[in-house]
Structure formats: structure tokens, C-alpha cells
Amino acid sequence: MSEELPQVLIVIDVQEGFITPHSQHVITPLENLQYEFDHVIFTRFYNPEPSPFRKILGYDRMPPKSPETELALLPRDDAVVISRPLYSCVTETVLVRLKTWGVREVFIAGIATEACVLKSVLDLFELNIRPWVLEDLCASDKGAEFHDPAIKLMGKLIGQQHIIKSTGPEASAGRV
């Protein structure tokens, strides 16, 4: 009988600057769900000067160390918190943690489904790390018009079976 691998939750950018009426519903469930996993990684986006976000998009929000970049929930004591200036949370630091823990699949939730979540999920997939997207715990700060198509795209790109709910049949089958 093989030893079961640890379960890892990656929570992407649940930060003060991304909380809107469209995204606030993920805060409390994620704060509670983190305790169901062996390991948890929280990521925070920040937008330094200069950056392509500033230079190309004219997006000047989320400067380093601003209140906007603070997490909007309380991570558990042993959670890993990683800041990064990129769409993707798949940094060398994250990859080293996953390798150290011996995991080849992760559960993903957070904000914004259409940007940082989508990019991170695809990067994990391309590195042969199976992403399980917790659809009901992902959100776009811009609303369903961005969240819904991103979920649909991820289903097409990584397999619809990898888009799951945090509760329901997938959860009771041991996925979450």
C-alpha cells in the first residue's frame, strides 16, 4: 500500500485590493478550508515600479507594501505566504516548496480567475503538476463576465474533470 501524498492548497491573491462585491464571497470559505489541507500557500501580487503592468497596461494599483497588497483573510500559522510581481504564482519558491513536500497535484482557489488564477493553473499544468481548480472558491473582482469564461477555458485547457467544487461529490470522494 503506497503512502498518500500530502494535499496542498494554493490561495491566489485574496488581497484587500482585489476584494469587491464580486469577489468577497471567497474570503470566509477559504479561511475555513485552509485547515483541511496538509500544506497551504498564499500568494500576493504586488506591482513594482517599473513593471509591464504599469508601463504597458497603465495599471498603477497594488504598489509594494501598500494596504491593497495585504491579505484579506488570516492564514493559518504554518501557511507559506509568497509575494510576487507576476501574473503567475508559479515561482521558483513555490516550485521548491512543492518538490520538498513531494506533491504532484495541488488545489487552486483565489482571485482573479481570468488573470492570475488562469495563468498559474496553466503554468502548473505545463510543469506536469495536476491542478484541481476549486471553481466556487475562485472569483473575478470584475464579476461573472470574467470569471465564467475563465473557468470554461480552464476546463478546455486542463480537462473539465479538474474543475471541481469545494463541497459536493468531488469533496466527499476525497478530492478536498
Side-chain angles (χ1 to χ4, degrees), residues 6-20 22-48 51-54 57 59 61-101 103-142 146-147 150-151 154 158 162-164 166 176:
Q7 288 193 330
V8 176
L9 173 65
I10 299 177
V11 179
I12 301 172
D13 302 350
V14 180
Q15 297 171 249
E16 293 295 339
F18 294 133
I19 301 303
T20 68
H22 303 293
S23 60
Q24 66 187 10
H25 70 277
V26 304
I27 297 170
T28 301
L30 281 171
E31 201 163 55
N32 295 331
L33 184 66
Q34 67 181 313
Y35 297 98
E36 303 299 318
F37 288 83
D38 299 305
H39 303 286
V40 183
I41 298 173
F42 287 89
T43 69
R44 294 189 299 200
F45 171 77
Y46 67 94
N47 186 12
S51 76
F53 299 97
R54 290 176 183 275
L57 294 178
Y59 182 79
R61 294 189 53 229
M62 309 299 280
K65 300 180 181 174
S66 74
E68 288 181 305
T69 64
E70 293 302 316
L71 292 176
L73 52 81
L74 182 65
R76 70 188 206 194
D77 291 341
D78 65 342
V80 175
V81 180
I82 297 171
S83 299
R84 90 252 176 248
L86 311 165
Y87 278 124
S88 181
C89 78
V90 184
T91 64
E92 190 62 34
T93 304
V94 168
L95 293 173
V96 166
R97 289 288 179 156
L98 296 178
K99 184 176 181 179
T100 299
W101 294 330
V103 298
R104 299 303 306 158
E105 64 180 32
V106 296
F107 294 83
I108 305 285
I111 305 167
T113 317
E114 77 283 5
C116 297
V117 172
L118 174 64
K119 177 73 163 95
S120 299
V121 164
L122 295 179
D123 286 351
L124 288 163
F125 176 85
E126 288 183 342
L127 291 169
N128 202 28
I129 298 169
R130 184 184 304 262
W132 296 97
V133 178
L134 301 176
E135 175 182 4
D136 56 323
L137 297 181
C138 290
S140 170
D141 54 322
K142 305 289 187 231
F146 289 92
H147 169 80
I151 291 292
M154 283 187 277
I158 67 166
H162 295 108
I163 310 299
I164 63 174
S166 64
V176 181

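By convention here, the first residue in the shown sequence is residue 1.
- Counting only heavy atoms from C-beta outward, the side chains of Glu16 and Glu68 never approach each other to under 4.5 Å.
- The minimum heavy-atom distance between Asp136 and Ser166, with the atom names listed, is OD2-OG, 2.6 Å.
- The shortest non-hydrogen separation linking Ile111 to Val14 is CD1-CA, 4.1 Å.
- Expressed to the nearest 0.5 Å, how far OH of Tyr46 lies from OG1 of Thr69 amounts to 10.0 Å.
- Taking all atoms of both residues into account, the shortest heavy-atom contact from Ala112 to Asp141 is CB-OD1, 3.8 Å.
- Panel note: side chain Arg44, backbone Leu71; no donor-acceptor pair is recorded below 3.5 Å.
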*side chain to side chain donor-acceptor pair (under 3.5 Å) between Glu114 and Ser140: does it pass, once the steps are laid out?*
CA-CA 7 Å; Glu114 77 283 5; Ser140 170; 3.0 Å; yes
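- For the pair Ile108 and Leu124, the minimum side-chain heavy-atom distance is below 4.5 Å.
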Please tabulate, for the side chains in residues 22-29, all donor-acceptor contacts under 3.5 angstrom to protein atoms that are two or more places apart in sequence or on a different chain.
residue, atom, partner, partner atom, Å
Ser23, OG, Phe18, O, 2.7
Ser23, OG, Thr20, N, 2.9
His25, ND1, His22, O, 3.4

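- Residues Cys116 and Leu86 approach most closely at SG-O, 4.4 Å, considering heavy atoms.
- With sequence neighbours excluded, the residues forming a side-chain hydrogen bond (donor to acceptor under 3.5 Å, both in side chains) with Thr43 are Asp13, listed by chain and number.
- The nearest pair of heavy atoms linking Asp38 to Pro6 is OD2-CA, 3.1 Å.
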_side chain to side chain contact (heavy atoms under 4.5 Å, CB included) assessment of Leu137 paired with Leu33_ = CA-CA 10 Å; Leu137 297 181; Leu33 184 66; 3.5 Å; yes
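- Side chain of Arg97 to main chain of Trp101: no donor-acceptor pair is present (N/O by atom type, distance under 3.5 Å, no hydrogens or angles).
- Here Glu31 contributes atom CD and Leu74 contributes atom CG; the two are 5.5 Å apart, rounded to the nearest 0.5 Å.
- Counting heavy atoms from C-beta outward, Pro52 and Leu57 have side chains that stay 4.5 Å or more apart.
- Phe42 and Val40 get closest at one heavy-atom pair: CE1-CG1, 3.3 Å.
- Under the 6.0 Å cut-off for aromatic ring centres, Tyr87 and Phe45 do not qualify, their centroids lying 6.0 Å or more apart.
- Between the CD atom in Gln15 and the CZ atom in Arg61 there is a gap of 10.0 Å [rounded to 0.5 Å].
- For the pair Ile129/Leu98, a side-chain contact is recorded, criterion being any heavy-atom separation below 4.5 Å from C-beta on.
- Residues Pro131 and Glu105 are not in side-chain contact: their nearest non-hydrogen atoms beyond the backbone lie 4.5 Å or more apart.
- Between the Thr113 side chain and the Ala139 main chain, a donor and an acceptor come within less than 3.5 Å of each other.
- Ile151 places a side-chain heavy atom less than 4.5 Å from the side chain of His147.
- Judged by distance alone, with hydrogens and angles left aside, the side-chain atoms of Ser66 form no donor-acceptor pair with the main-chain N or O of Met62 at under 3.5 Å.
- The main-chain N or O of Arg104 is never found under 3.5 Å from a side-chain atom of Arg130 such that the two would form a donor-acceptor pair.
- Rounded to the nearest 0.5 angstrom, Cys89 SG and Ile10 CD1 are separated by 5.0 Å.
- A donor-acceptor pair is defined here as one N or O able to donate and one able to accept, closer than 3.5 Å; no such pair exists between the side chain of Asn47 and the backbone of Pro63.
- Of the inter-residue distances, the one linking Arg76 atom CZ with His39 atom NE2 reads 8.0 Å to the nearest 0.5 angstrom.
- The CD1 atom of Ile158 sits 4.0 Å away from the CD1 atom of Ile163 when rounded to the nearest 0.5 Å.
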*Could you go through the side chain to side chain contact (heavy atoms under 4.5 Å, CB included) check for Leu118 and Met154 one step at a time?*
CA-CA 7 Å; Leu118 174 64; Met154 283 187 277; 3.3 Å; yes
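- Side-chain atoms of Glu135 never come within 3.5 Å of backbone atoms of Ile164 as a donor-acceptor pair (strictly under, hydrogens ignored).
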